[in-house]
A.B. asks: 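Here it is: the structure, laid out below.
Both ligands and their constituent atoms are indexed starting at 1 by order of listing.
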Amino acid sequence: MLLYNSLTRKRDEFIPRTPGKVSMYTCGPTVYHFAHIGNLRTYIMEDVLDRYLRYSGNEVKRVMNITDVGHLTSDADEGEDKMVKGAKREHKTVLEIAQFYTDAFFADCEKLNIRRPDVIEPATQCIPEFIEMVQGLLDKGYAYLAGGNVYFDTSKLSQYYVFNDFKQEDLAVGVREGVSADDNKRNKNDFVLWFTKSKFEDQALKWDSPWGVGYPGWHIECSAISLKHCGEYLDIHCGGIDNAFPHHTNEIAQSEAYIGHEWCKNWFHVLHLNTNSGKMSKSKGEFLTLSLLESKGYDPMVYRFFCMQSHYRKSLVFSYENLDNAAVSYHTLIARIAALKPDGAVDEAVFNACRAKFTEAMDNDLNTSMAVTALYDVLKAKTNDSTKLALIEDYDRVLCLSLLDRAEKLRLKEEEQKAAEAKALADAAAADPFVAEILQLIEERKTAKKAKNFAEADRIRDYLAAKGVTLIDTAQGTTYQIN
Ligand code: AMP
Ligand code: ZN
């Protein structure tokens, strides 16, 4: 499988260190607010990767942290802890906020068919591991104490900027607009591993450490949690593109300094979902959530389908117009699937030929829009419905668009509608003997037409017309009007 690797800046053949076994780390959410649909785009595309690796026969161990401490409002170690900010906003404790938004996040994931990672680790559960790692970095001379905080010394590295997709001058934290330089830092890119002093002294959660009572920096949590659960060699690390710098850059710096060798060979970054007015943000207050889309009547699967239609390495613009187009396509697709009926044995040759097109798309840097095209090709294929249904079920192990489930629901809904219509007619007939006679004659006329007895069919029509009843033939059947 070819997968774009942010480290090498090209599509590399993805080869796990142990064949057939993949260790995968995902930066989890900062649980101070609901996830917005931009965050969820990243998790959906990571889910497709996770599922495709499994579909291709790998055993995947996927680890995700929950950021419940240490993520400050600015990436440059400045500002308030986002969790504290959330707690103040809602007059709750940080732990209550963390629990509430962690549950909300996984509820959204479930609705979007995002598989639960094998390991979910809140940062606050790993304080001893962070302390051990920070101590190790101090012992090896990669960290220093200044003004009460422990900093990582980036000047000790032969190469700090590893994701060369960016220009160094754009990345330099110290020169970012609105960010004041931290005088304790020896080098502008040094970052905090452990805080005991910050401008915001009301940090809610603090722990004792060899450097005083304090709390961990954001980057150390992902390095330590990944090392704890995936060991010293990680196959693939995922996140949204904004995580590449400084978060992932710092993760690489500290992890490799700590273990003394290369840590993770493949870096998978999902480009952002934007609105027409620009970046989507949780901190702006007004933001798009999955619940909002649901309240407007969108099935979460429509949003997943919308994401599937574009490549993960392209920015995606969200608008209701675009989502409506995806909704029409999704519901039309479901209606076409609902019309398929099992009709015999699966044609293995057709099955394998179609499946090869699907895997070709997915092996080509996870080209989900081509995979969706392969799905439409199944509907057009010259084969029986059983083969089509088997292929749809197979692709949907990866796309996870609940295709068969929604098709079944649509069928049931249509049956219920028909039954309700039949009942309404029966009720009307029971209440009025004239209506009962009309319905009886409509049935007899139908039988006559089927038997090609058109004279009888016409006689019934004329008989009813004489009684002031007009028959109206439609594609769905015959109705009547009493004049
Ligand atoms: P956070 O909860 O802020 O830590 O972000 C969770 C995940 O969402 C991270 O992987 C981010 O890189 C990613 N992310 C943030 N904003 C967007 C966006 N607009 N589009 C796609 N992914 C995003
Ligand atoms: Zn992370």
Side-chain angles (χ1 to χ4, degrees), residues 6 24-49 62-75 79 81-83 85-86 97-98 101-102 104-106 108-109 112 114 117 119-123 126 130 163 191 216-230 234 236-255 263-264 267-284 287-290 303 306-307 310-318:
S6 305
M24 179 174 179
Y25 185 85
T26 299
C27 288
T30 309
V31 283
Y32 71 111
H33 223 319
F34 292 108
H36 58 56
I37 56 171
N39 302 128
L40 295 169
R41 179 195 191 196
T42 290
Y43 294 111
I44 287 172
M45 299 321 285
E46 292 172 353
D47 181 66
V48 174
L49 173 64
R62 176 138 181 235
V63 178
M64 181 190 278
N65 68 305
I66 299 293
T67 300
D68 54 0
V69 69
H71 192 171
L72 306 190
T73 47
S74 149
D75 284 348
D81 188 316
K82 291 186 180 189
M83 295 304 299
K85 210 175 155 189
I97 289 282
Y101 288 114
T102 302
F105 172 72
F106 285 112
D108 281 352
C109 288
L112 288 166
I114 297 172
V119 179
I120 297 163
E121 186 80 276
C126 295
F130 304 155
F163 299 117
F191 53 93
W218 171 38
H219 317 296
I220 195 78
E221 68 179 70
C222 287
S223 287
I225 292 173
S226 171
L227 290 173
K228 176 177 174 185
H229 294 289
C230 299
L234 179 64
I236 187 156
H237 195 309
C238 315
I241 191 66
D242 59 312
N243 281 165
F245 187 85
H247 185 48
H248 292 164
T249 306
N250 291 349
E251 275 188 49
I252 293 173
Q254 64 203 359
S255 295
W263 170 47
C264 179
W267 289 80
F268 176 88
H269 288 123
V270 179
L271 270 285
H272 271 190
L273 178 78
N274 301 313
T275 59
N276 286 325
S277 55
K279 192 173 176 266
M280 201 169 286
S281 157
K282 276 191 219 184
S283 20
K284 278 186 192 161
F287 58 89
L288 290 155
T289 60
L290 186 66
Y303 182 62
F306 171 73
C307 292
S310 71
H311 195 255
Y312 75 92
R313 280 207 310 116
K314 288 208 177 106
S315 302
L316 181 58
V317 176
F318 175 83

A.B. asks: Identify, by atom number and element, the atoms of ligand 1 in contact range of Thr42, meaning under 4.0 Å from any of its heavy atoms.
C.D. replies: 10 (O), 13 (C), 21 (C), 22 (N), 23 (C)
A.B. asks: Can you list the ligand 1 atoms lying under 4.0 Å from a non-hydrogen atom of Leu273?
C.D. replies: 18 (C), 19 (N), 20 (N), 21 (C)
A.B. asks: Relative to atom 17 (C) of ligand 1, which among His247, Met45, His272, His269 owns the nearest non-hydrogen atom?
C.D. replies: His272
A.B. asks: Please report, to 10°, the angle around the Zn ion (ligand 2) from atom SG (Cys27) across to atom NE2 (His247).
C.D. replies: 120°
A.B. asks: Which atoms from ligand 1 have a heavy atom of Asn243 less than 4.0 Å away?
C.D. replies: 9 (C), 10 (O), 11 (C), 12 (O)
A.B. asks: Report the relative orientation of the aromatic rings in Tyr101 and Phe34; use parallel for angles under 30°, tilted for 30 to 60°, perpendicular for over 60°.
C.D. replies: perpendicular
A.B. asks: Whether the side chain of Thr249 engages the backbone of Ala244 through a donor-acceptor N/O pair (distance < 3.5 Å, no angle test) should be reported.
C.D. replies: yes
A.B. asks: Any heavy-atom pair between the side chains of His237 and Ser255 that's under 4.5 Å?
C.D. replies: no
A.B. asks: Could you tell me, atom by atom, which parts of ligand 1 come under 4.0 Å of a heavy atom of His36?
C.D. replies: 16 (N), 17 (C), 18 (C), 19 (N)
A.B. asks: Is there a side-chain contact between Leu271 and Arg41, using heavy atoms and a 4.5 Å cut-off?
C.D. replies: yes
A.B. asks: Report the relative orientation of the aromatic rings in His248 and His269; use parallel for angles under 30°, tilted for 30 to 60°, perpendicular for over 60°.
C.D. replies: parallel
A.B. asks: I'd like to know whether ligand 1 has Asp242 as a neighbour, heavy-atom separation below 4.0 Å.
C.D. replies: yes
A.B. asks: Please work out which of Ser315, Cys238, Gly38 has its closest non-hydrogen atom nearest to atom 21 (C) of ligand 1.
C.D. replies: Gly38
A.B. asks: Side chain of Tyr25, backbone of Leu234: donor and acceptor closer than 3.5 Å?
C.D. replies: no
